[in-house]
Enquirer: 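Below are the structure tokens for one structure; questions will follow.
Chain identifiers are assigned alphabetically (A, B, ...) following the order of the sequence lines, protein sequences preceding nucleic acid strands; residue numbering begins at 1 within each chain.
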Number of protein chains: 2
Amino acid sequence: MTDKPYHHGDLRHALLTAAEAELAAHGIEAFSLRQVAKRAGVSHAAPAHHFGDANGLLTALAAEGFRQFLASQATREAQAAPEPRAQLIAAGLGYVDFALSRPTLFKLLFGSARPDYADPDLYREAFAAYRHLADQVHAAGGGSQVDVAAVWAIAHGMADLLAAGRLREIAALPPAARDAAIVDIIGRALP
Amino acid sequence: MTDKPYHHGDLRHALLTAAEAELAAHGIEAFSLRQVAKRAGVSHAAPAHHFGDANGLLTALAAEGFRQFLASQATREAQAAPEPRAQLIAAGLGYVDFALSRPTLFKLLFGSARPDYADPDLYREAFAAYRHLADQVHAAGGGSQVDVAAVWAIAHGMADLLAAGRLREIAALPPAARDAAIVDIIGRALP
DNA sequence: ATCCTATCTTGTCGGTGTCAGGATAAGATA
DNA sequence: TATCTTATCCTGACACCGACAAGATAGGAT
């Protein structure tokens, strides 16, 4: 039993992990900085040194979330055919996967005003996610801003509604049928 | 100058109005029951009698929000051709109109865990909104749950992204061009 | 005229974010 | 090795918040 050392060692990382767990457990609207500190076994004011304030922690967590968001898309893309359109559809599936496997983190990224997008790290990651989508749409033959908006809207709409517990009929399908429905729907955005 | 009477007269309505104003001013994540009470010129505990707790107030506000949501769609439908498909597209435009004109209220309806959907009034209004959409999809020739999901997802995705300040290129278009883009996009959901 | 009930206020409690100041430890310098 | 500097973490305090309890006031029924 090591008495807890005064210095944690990797508190920043531990706080991010604790914050994500708290978020998943109690939802973003009940997020509490003191509960995060308690979960990490540290005093209530310890997070301030690493993140400034509560929004700073959520901003850092959102940046990390965008990295996981792109990784979720990459996983699906690696399993799909290399043609641009198949890759685009796969990215859409990864979009939905992320929203369903980490719903509160998804809401932090897309439905919360607390992350500060003036933060360079977060801005860069969010922009990278947008760029990835736009590149795929262009590669798949979409030429206009309207095409990008259509694909983004339909993927985001599916993800957001499913993460919010709506569209129960779709969510309740067996995985293969569910994926097929999502593929069908996303494909409509680029006729 | 009438000294404020001990009894307000229509405090319930005044609190809902004040709550919507507070929501629009400071966002849902900074929502404060005491600020709502102060805005209505009433003590901090006065809302409890009418709404129980803060979530009760937000639940009542969400129910009212769904009525406005359907009204926003009805406005667009009244200006559109009577064919089912035109009516469906018009409803989609009204969906987006609502999200852009009342973004925080929109987030309360579709992106918040605070309203309690076990409340009969809120459940009824939310279900009416869903039913309206499903009926229109069926009237326009959509036969499956997937068709309903596709239309809902694309309209909701456009609305949510625009309300969150994303899709700036679309939001920045002049009204007529913006509407045309939205019509184009929504139409893709039902080929 | 009286009682009953709905309405609203005041006061209090535990919890929260943020700030100020102090304690501790790690690393650099000598 | 001894001291200085800096990063890290803690304690304590303040104002604000949601919720609850108890009391004050007024409207309406009897």
Side-chain angles (χ1 to χ4, degrees), chain A residues 2-62 104 108 112-116 118-119, chain B residues 2-62 104 108 112-116 118-119:
Chain A
T2 65
D3 301 78
K4 291 177 183 175
Y6 196 93
H7 283 56
H8 183 282
D10 193 10
L11 182 57
R12 185 188 161 89
H13 177 71
L15 286 171
L16 286 172
T17 301
E20 185 175 355
E22 276 293 314
L23 226 51
H26 306 300
I28 186 171
E29 283 158 327
F31 178 81
S32 157
L33 197 58
R34 287 167 108 107
Q35 285 295 322
V36 170
K38 182 174 293 184
R39 183 184 281 261
V42 101
S43 86
H44 66 263
H49 178 73
H50 294 277
F51 301 103
D53 55 11
N55 285 353
L57 202 175
L58 292 172
T59 297
L61 188 59
T104 53
L108 178 68
S112 171
R114 302 194 65 173
D116 176 16
D119 176 79
Chain B
T2 65
D3 301 79
K4 291 177 182 175
Y6 197 94
H7 284 58
H8 183 283
D10 193 10
L11 182 55
R12 186 188 160 88
H13 177 71
L15 286 171
L16 286 172
T17 301
E20 186 176 353
E22 277 292 314
L23 226 51
H26 306 300
I28 186 171
E29 283 158 326
F31 178 81
S32 157
L33 198 58
R34 287 167 109 108
Q35 284 296 323
V36 170
K38 181 174 294 186
R39 184 183 281 263
V42 101
S43 85
H44 65 262
H49 179 74
H50 294 277
F51 301 103
D53 55 12
N55 285 353
L57 202 174
L58 291 172
T59 297
L61 187 59
T104 54
L108 178 68
S112 172
R114 302 194 64 172
D116 176 16
D119 175 79

Enquirer: Using a cutoff of under 3.5 Å, can you pull out all pairs of nitrogen or oxygen atoms linking the protein to nucleotides 13-17 of chain D, with atom names and distances?
Expert:
| unit_1 | atom_1 | unit_2 | atom_2 | d |
| --- | --- | --- | --- | --- |
| D:dC17 | OP1 | B:Ser32 | OG | 3.3 |

Enquirer: Using whole Å, what does the distance between atom C1' of nucleotide C:dT16 and atom CZ of A:Arg114 come to?
Expert: 11 Å

Enquirer: Tell me whether B:Thr104 contacts the main-chain N or O of B:Gly27 through its side chain, where contact means a donor paired with an acceptor under 3.5 Å.
Expert: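 No; zero donor-acceptor contacts below 3.5 Å.
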
Enquirer: B:Asp53 has an atom CG; how far is it from atom P of C:dG15, in whole Å?
Expert: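 My rounded result for the distance is 18 Å.
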
Enquirer: Is it true that a side-chain atom of A:Glu22 and a backbone atom of A:Ser32 form a donor plus acceptor pair closer than 3.5 Å?
Expert: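 Not a single qualifying donor-acceptor pair exists.
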
Enquirer: Once you round it to whole Å, what is the distance between C1' of D:dT8 and CZ of A:Phe51?
Expert: 13 Å

Enquirer: Could you tell me the separation between the CG atom of B:Leu15 and the P atom of C:dT7, rounded to a whole number of Å?
Expert: 12 Å

Enquirer: With a 4.5 Å heavy-atom cut-off, do B:Thr17 and B:His13 have their side chains touching?
Expert: yes

Enquirer: Please tell me if the side chains of B:Asp119 and B:Thr59 come closer than 4.5 Å, counting only heavy atoms from C-beta onward.
Expert: yes

Enquirer: Mind checking A:Ala46 for me? I need base, sugar-phosphate or nothing, with any heavy atom below 4.0 Å counting as a touch.
Expert: sugar-phosphate

Enquirer: Verify the contact: side-chain N or O of A:His49 to OP1 or OP2 of D:dT8, cut-off strictly under 4.0 Å; return yes or no.
Expert: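 Yes, within the criterion.
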
Enquirer: Minimum heavy-atom separation for B:Leu15 and B:Val36, please, with both atom names.
Expert: O-CG1, 3.8 Å

Enquirer: Can you check whether A:Ile28 reaches A:Leu108 side chain to side chain, under 4.5 Å on heavy atoms?
Expert: yes

Enquirer: Quick one: is B:His50 getting a side-chain N or O under 4.0 Å of the C:dC8 phosphate, OP1 or OP2?
Expert: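 Looking at the OP1 and OP2 atoms of C:dC8, one of them is under 4.0 Å from a side-chain N or O of B:His50.
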
Enquirer: If you check the B:Ala45 side chain, which of D:dA21, D:dT8, C:dG17 turns out closest?
Expert: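 Output: D:dA21.
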
Enquirer: In whole angstrom, give the distance that lies between atom NE2 of B:His26 and atom P of C:dG17.
Expert: 19 Å

